[in-house]
Protein chains: 2
Amino acid sequence: MLLPSTTTLRRSSTSDDVAALLRNTIVAGQLAPGTQLREVALAAELGVSRPTLREALRSLERDGLVMHRANRGVFVASLGAEDVEDLYRVRVVLEASAARACAEATDDALAALRAAFEEVHGSWGGDDLGRLVDTDLRFHAAIVALLGSPRLDATFAAACDGLRLCLSAIGASTPHVARGPAALEQHRAILAALTARDAERAERLVLRHIEVNRSRIARLFAGA
Amino acid sequence: MLLPSTTTLRRSSTSDDVAALLRNTIVAGQLAPGTQLREVALAAELGVSRPTLREALRSLERDGLVMHRANRGVFVASLGAEDVEDLYRVRVVLEASAARACAEATDDALAALRAAFEEVHGSWGGDDLGRLVDTDLRFHAAIVALLGSPRLDATFAAACDGLRLCLSAIGASTPHVARGPAALEQHRAILAALTARDAERAERLVLRHIEVNRSRIARLFAGA
DNA sequence: GGTGACAGATTGCCTGACAATCCTTCAATG
DNA sequence: CATTGAAGGATTGTCAGGCAATCTGTCACC
């Protein structure tokens with residue numbers, strides 16, 4: 001290898017940049033669910049042409065972040081209770097499977113998991129909710145990465161985007177930060193079980209951890 | 001219901017039609033992996049404009065059916081051994097999880113599973129390989145549907161497309177049809193375990209069934 | 001009050017074009 | 001002879017503009 005892998009010259013295309021920008025804006029909650037994304041206005045605002053913007057929007061649609069009604073336009077997706085249910089179903093399946101497979105996990109994946117945990121631990125004191133949720137989900141993504149499947153990683157990443165959209169939509173800031181220390185303790189226990197390759201205990205802990213979150217979010221949705 | 005469901009007014013967009021057409025063509029093996037899909041020529045041949053075709057290609061790229069090299073164009077994906085490994089990892093995770101969850105599955109999903117089995121059974125005698133693989137995978141998709149998660153269903157469907165591409169690429173016709181009766185018997189056993197809601201047995205049978213297939217395909221790939 | 005039609009707005013899709021980038025070929029040089 | 005360098009051709013990346021189709025909202029009318 002002559003060059004560091006970051007030098008890979010992979011200049012991202014404009015529509016990819018636009019898609020990434022819109023994705024971040026949406027999951028950050030800066031675009032309320034239900035708001036219409038008009039092509040001409042948005043394209044002008046972003047300084048790109050309509051076809052380019054359309055490609056980006058189509059990409060977001062496939063991720064479930066925007067809804068597309070024929071001849072009406074695209075709207076920021078407003079996820080309902082059944083969507084939350086589905087998203088957590090994805091999490092349960094992937095994370096539980098990963099926990100059960102921790103015996104066959106590579107050392108690299110376990111090292112990445114530990115690194116993700118340190119990152120979560122380090123930034124937990126901050127009051128930036130967005131970054132907190134980010135690092136939290138990154139820890140869980142590292143769990144899924146134990147499976148060693150890029151495709152499942154992608155599925156989980158899409159589900160994370162959906163969850164972030166849900167969280168920011170209902171403004172779940174205060175309850176989540178309040179739960180910080182408890183979640184950290186659970187993360188530590190999960191990490192310990194996984195590195196010890198204790199599949200059964202890890203799966204049990206992961207399932208309980210997710211279930212706690214799921215019921216809390218579901219309750220918030222029921223109240224809203 | 002006032003109208004037949006086909007009248008659903010949901011005029012599929014042109015780019016969706018194009019994407020579906022290309023998807024079928026690719027997974028059917030009528031486009032050899034590695035062949036370049038030139039935009040102008042293909043757009044002219046399909047009678048659509050370039051932007052429309054680009055949208056369709058972008059959709060296929062997200063499904064992993066085509067590869068996109070910057071400023072070079074899109075090529076029919078040529079999946080390697082590690083891709084096959086990944087695809088089967090997806091199958092193992094999703095189908096095993098679904099089998100374990102059969103206790104909580106809805107009756108509708110179980111009915112759909114039985115229907116899929118009947119369909120496989122009915123068309124098994126035919127010599128049309130494409131349809132055989134289709135129905136086989138539809139049975140497995142019905143297993144995954146026990147989870148009740150549209151997002152996981154979509155992930156599995158994408159994996160199925162990848163698998164079909166692999167199979168048609170290596171021309172796995174003869175070994176697969178020869179295996180027909182054995183697979184049918186395994187399917188019957190899996191269906192029995194699932195409808196009996198015997199999670200443990202169902203998972204064991206599913207895992208073995210998938211593993212048999214995986215090792216066979218992997219062997220074919222090693223020889224090619 | 002409910003029903004129909006009209007106007008406005010927006011998308012769906014196409015045509016055409018230009019710049020940027022990449023691969024190939026070929027000549028020049030050590 | 002192998003390697004380097006540059007020109008040429010082809011293809012993609014992106015933009016601008018335009019027209020038809022379709023949906024929504026409003027308003028007159030029964």
Heavy-atom nearest nucleotide on DNA chain D for R72(B) versus P51(B): which residue maps closer to 5'?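 The 5'-side residue here is R72(B).
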Any side-chain N or O of [X] less than 4.0 Å from the OP1 or OP2 oxygen of [N]?
{"X": "T52(B)", "N": "dC14(C)", "answer": "yes"}
{"X": "T14(A)", "N": "dT14(D)", "answer": "yes"}
{"X": "H68(A)", "N": "dG12(C)", "answer": "yes"}

Provide, to the nearest angstrom, the distance between the [atom1] atom belonging to [X] and the [atom2] atom belonging to [N].
{"X": "L46(B)", "N": "dC14(C)", "atom1": "CG", "atom2": "P", "value": "11 Å"}
{"X": "L53(B)", "N": "dG16(C)", "atom1": "CG", "atom2": "P", "value": "17 Å"}
{"X": "R54(A)", "N": "dA16(D)", "atom1": "CZ", "atom2": "P", "value": "16 Å"}
{"X": "L37(B)", "N": "dT11(D)", "atom1": "CG", "atom2": "P", "value": "13 Å"}
{"X": "E55(A)", "N": "dC15(D)", "atom1": "CD", "atom2": "C1'", "value": "13 Å"}
{"X": "L57(A)", "N": "dT10(C)", "atom1": "CG", "atom2": "C1'", "value": "14 Å"}
{"X": "E39(B)", "N": "dT14(D)", "atom1": "CD", "atom2": "P", "value": "11 Å"}
{"X": "R69(A)", "N": "dG12(C)", "atom1": "CZ", "atom2": "C1'", "value": "17 Å"}

Just call it for R38(A): base, sugar-phosphate, or nothing, with non-hydrogen atoms closer than 4.0 Å on any strand.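 Sugar-phosphate contact only - R38(A) comes under 4.0 Å of backbone atoms but never of a base.
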[X] with [Y]: basic N within carboxylate O range, under 4.0 Å:
{"X": "D107(B)", "Y": "R114(B)", "answer": "no"}
{"X": "D16(A)", "Y": "R58(B)", "answer": "yes"}
{"X": "R164(A)", "Y": "D161(A)", "answer": "yes"}

From R89(B) CZ over to R214(B) CZ, what is the distance, rounded to the nearest 0.5 angstrom?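 Output value for this atom pair is 9.0 Å.
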Is the cationic atom of R69(A) (NZ for Lys, CZ for Arg) positioned less than 6.0 Å from the six-membered ring centroid of F75(A) and within 45 degrees of its normal?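 Yes, R69(A) lies over the aromatic ring of F75(A).
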Ranking dC23(D), dT21(C), dT14(D) by distance to the side chain of N71(A), first place goes to dC23(D)
Let's see if you can work this out: which of dT14(D), dT15(C), dT11(C) has an atom nearest to the side-chain heavy atoms of S49(B)?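 Per side-chain heavy atoms of S49(B), the pick is dT15(C).
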Return yes if the base of dG12(C) and the side-chain atoms of R58(A) contain a donor-acceptor N/O pair under 3.5 Å, otherwise no.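 No such pair is found, so the answer is no.
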Is there a donor N/O on one and an acceptor N/O on the other, under 3.5 Å, for the side chain of R50(A) and the base of dG12(C)?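 Yes.
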